[in-house]
Amino acid sequence: MDEDLVPQTVRVEAIRQETPDVRSLRLVFEDPEFGREFSFQPGQFCLISVYGVGEAVFCISSPPAWKDFIEVSVKEAGKVTAAIHDLDVGDRVGFRGPYGNSFPYETMQGRTIVFVGGGIGLAPLRPLIWQTLSDRAKFKDIHIIYGARTVKDIVYKEELAEWQKRDDVKLVKTVDPGGEDETWDGEVGLVPSVLEEVNPPADSLLVTCGPPVMIKFTYVSANKLGFKPSDVITTLEMKMKCGVGLCGRCNIGSRYVCTDGPVFNFEEILSLPDEF
Amino acid sequence: MMTKDDLLKLVGDAMTKGFAVFAPVRQEGGLLLARTEDPGSIDLDHVLTVNTLKDVMLPRCETLVRFDLEKPGVTRVEEDAGRVLVFGSRPCDAAGLDILDSILIDQVRDERYAGRRARTVIMSLACSIFDEACFCASMGYGPHDATGSDVLVLPSGDRYILRAITEKGQGFLDELGVPAEAEAEPDKPPELERTVDISRIKEWLDSNFDSPKWKTVSDNCVSCGTCFYLCPTCHCFDIIDEAGISRGERNRIWDCCSFSGFTKMAAHQPRVGRPARYRQRVMHKFKYTVDNVDKTACVGDGRCIRHCPYGVDICEILNALVGEG
């Protein structure tokens, strides 16, 4: 692969305020030919740049089947994400990608899938969930366990409601203790404990993403339930600049999250130093 | 066989043929590998320049794109695509490029680096002198090593032998009209004083990520980054935007794993503390690069030892890591 680190231009077509500090942006390529040729797999990431402020890494949070645009969901946390939150519909930003590996979709088929998301960590799972649901017959049971800090921090509310209504999806949503309000109809408790209560069969495949500490404890719970490390899959985030294995920043041990990841299973993660 | 004057004339001829020449020249800041248009300014009686070949191949700061904040899109910044001759750099620096090639061309092709490599001729000057920090032989190279060079200039008494190492090097000598001749015997390469045994370090690093030794060996490091700036193989970089009110540019600049902000994200810092950062530096050179491209990312040029303001000595550290206690 040749890499010159030069971004494409994308236009913000729509903005959805997910939570007080998370926005989803619908992006359309300015170069229609590039847009037509563009393809990616769930799990891959991109770099979005606000010129004059900088670039940052985001997973592509829409599924490949949604043509003519892509979405990213951005939590306001630092300089670049604050600038992205200042964007209006019609503004143009830079885009590089897709980069990285993707979820092992082919090998997931024929199995029960347990999606475990925390907070904005549902973003990388969302394209995979939609893809799985569009191929529903190819899978056994589908569980979705989603937790947020508080009711206000729940992302993709309409889609969660849609998944909850389906009788071929078992969805459990939860908020951290103290995060509930009088309208809350879900569980109260931390995601790993809710996973243990749901108690999915240990021969399922578990796909998780959330804050690093949640990922680590979700593995501990999955392990307790009898899951093999290779059946627990996650997607990691590290500081990245290039996204393509050149800038030397996102390694965990010898592995680069940008090119060897961002998707890893726990058999791989357990062989890496605890530095993520 | 060439005299020193012949060599410098050859460099002058290359300039006439349009090569941009980088060579060791005395400047403020010491002896630097820098652009020169005067062959007479070239200093060949030195151990090493302060800076390395990476200054030529991976500039400290290069502009990737320019943008106008009022208009959509960016303009890719193209650089001068002319041919370059690096003359008089040392074999350890050329060996550093060989390692960078494995990382920046063979895995993912860094278009700018690969382009510069393709249009640059590396004409290294084999070493007849060394100092107490040199340890290239311990790293598998040596004062007369040809790795990474296109042409190797070997001393033979008060003359020089030119040996083409690559096709590009042979093409360069042909173009400059250097006649092929029966090769004379070069001087014997000097025997270095400093040696370090790295045969056990990879195995030690494979199983000692959590060793308490990382704290003790990094005690004297102040995270200044000098070793990184002067290392022939360190290549990590940052990408930053600089903009005024209406226009700006995106620059790729060197960045160093010793700096605390290197891995810091808005909401998470996976690598906390100086010992962890120092461990990353040693691991990257002596384990991670070996795992990924089967080369150790150290050529034994010794700059990190010569220039460390606190006397941190990588050879002492490697010995301490694998040693008892």
Side-chain angles (χ1 to χ4, degrees), chain A residues 1-11 30-31 47 49-57 75-83 91-94 120 211-213 236-260 272-276, chain B residues 64-69 71-77 103-104 107-115 209-210 234-250 252 255-257 261-272 276 279-280 283-284 287-292:
Chain A
M1 184 176 85
D2 260 33
E3 181 56 54
D4 65 358
L5 306 170
V6 174
Q8 290 286 322
T9 301
V10 290
R11 191 179 69 251
E30 284 273 277
D31 176 352
L47 285 103
S49 49
V50 178
Y51 294 115
V53 183
E55 266 184 323
V57 170
K75 185 181 173 91
E76 184 173 350
K79 197 174 62 161
V80 176
T81 51
D91 284 347
R92 290 165 174 89
V93 290
I120 184 70
V213 64
L236 299 178
E237 184 184 354
M238 295 284 269
K239 184 158 182 171
M240 291 180 196
K241 285 293 176 171
C242 72
V244 293
L246 297 171
C247 78
R249 195 175 300 264
C250 67
N251 69 296
I252 305 172
S254 306
R255 309 290 296 275
Y256 282 84
V257 171
C258 63
T259 49
D260 297 313
L272 298 175
D274 184 12
E275 201 177 30
F276 66 91
Chain B
L64 300 172
V65 295
R66 292 189 210 286
F67 45 82
D68 183 329
L69 295 173
K71 296 181 195 148
V74 292
T75 311
R76 188 186 195 280
V77 174
I103 300 167
L104 302 177
Q107 298 194 103
V108 173
R109 194 167 175 278
D110 176 347
E111 202 177 281
R112 286 161 200 268
Y113 174 80
F209 187 85
D210 295 315
C234 277
H235 57 276
C236 294
F237 62 88
D238 196 354
I239 298 174
I240 55 163
D241 283 12
E242 286 177 27
I245 293 165
S246 62
R247 277 190 298 275
E249 57 191 34
R250 174 162 297 167
R252 166 175 171 168
D255 198 6
C256 169
C257 62
F262 189 71
T263 53
K264 189 175 181 304
M265 291 167 276
H268 185 53
Q269 167 61 290
R271 192 178 295 143
V272 181
R279 173 180 60 197
Q280 164 66 19
M283 284 277 184
H284 195 185
K287 169 175 161 57
Y288 302 158
T289 309
V290 184
D291 286 341
N292 290 329

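Scope of the values below: all heavy atoms of this structure, side chains included, with no hydrogens, waters or symmetry mates. Throughout, a chain's letter reflects where its sequence line sits, starting with A, and its residues are numbered from 1.
At least one side-chain heavy atom of E275(A) sits less than 4.5 Å from a side-chain heavy atom of R279(B). A 4.5 Å side-chain heavy-atom check between L5(A) and F237(B) finds at least one atom pair inside the cut-off. The closest side-chain heavy-atom distance from Y256(A) to N292(B) is below 4.5 Å.
With hydrogens and angles ignored, the 3.5 Å screen pairs no side-chain donor or acceptor of R249(A) with any backbone N or O of C257(B). A donor-acceptor pair is defined here as one N or O able to donate and one able to accept, closer than 3.5 Å; no such pair exists between the side chain of D238(B) and the backbone of K241(A). Listed for the K239(A) side chain is a donor-acceptor partner under 3.5 Å among the backbone atoms of K264(B).
Interatomic distance, CG of L64(B) versus CD of E55(A), reported as 8.5 Å (0.5 Å rounding). In this structure, the separation between CG on N251(A) and CG on D291(B) is 11.0 Å, given to the nearest 0.5 Å. Between F276(A) atom CZ and H268(B) atom NE2 the span is 8.0 Å, to the nearest 0.5 Å.
For P212(A), the part lying under 4.5 angstrom from a heavy atom of chain B is the side chain only. The parts of C242(A) that come within reach of chain B are both its backbone and its side chain, each placing non-hydrogen atoms under 4.5 angstrom from that chain. V244(A) touches chain B through backbone and side chain together, each having a heavy atom under 4.5 Å away. Residue contact with chain A, scored on non-hydrogen atoms closer than 4.5 Å, involves the side chain of F67(B) exclusively. Only the side chain of T9(A) comes within contact range of chain B, judged by heavy atoms closer than 4.5 Å. Both the backbone and the side chain of S49(A) come within contact range of chain B, with heavy atoms under 4.5 Å apart.
D241(B) approaches G54(A) most closely through the heavy-atom pair OD2-N, 3.4 Å.
Of the residues considered (E111(B), R112(B), H235(B)), E111(B) shows the highest number of contacts with chain A, using heavy-atom pairs under 4.5 Å. The candidate with the highest count of non-hydrogen atom pairs below 4.5 Å against chain A, out of R250(B), Q107(B), M283(B), E242(B), is R250(B). Contacts with chain A were tallied for R252(B), Q269(B), Q280(B); Q280(B) has the most, counting heavy-atom pairs under 4.5 Å. Note: R271(B) leads R271(B), R247(B), R76(B) in heavy-atom pairs under 4.5 Å with chain A.
For the salt bridge (Lys or Arg N to Asp or Glu O under 4.0 Å) test, residues two or more places apart in sequence or in another chain that qualify with E249(B) are R66(B).
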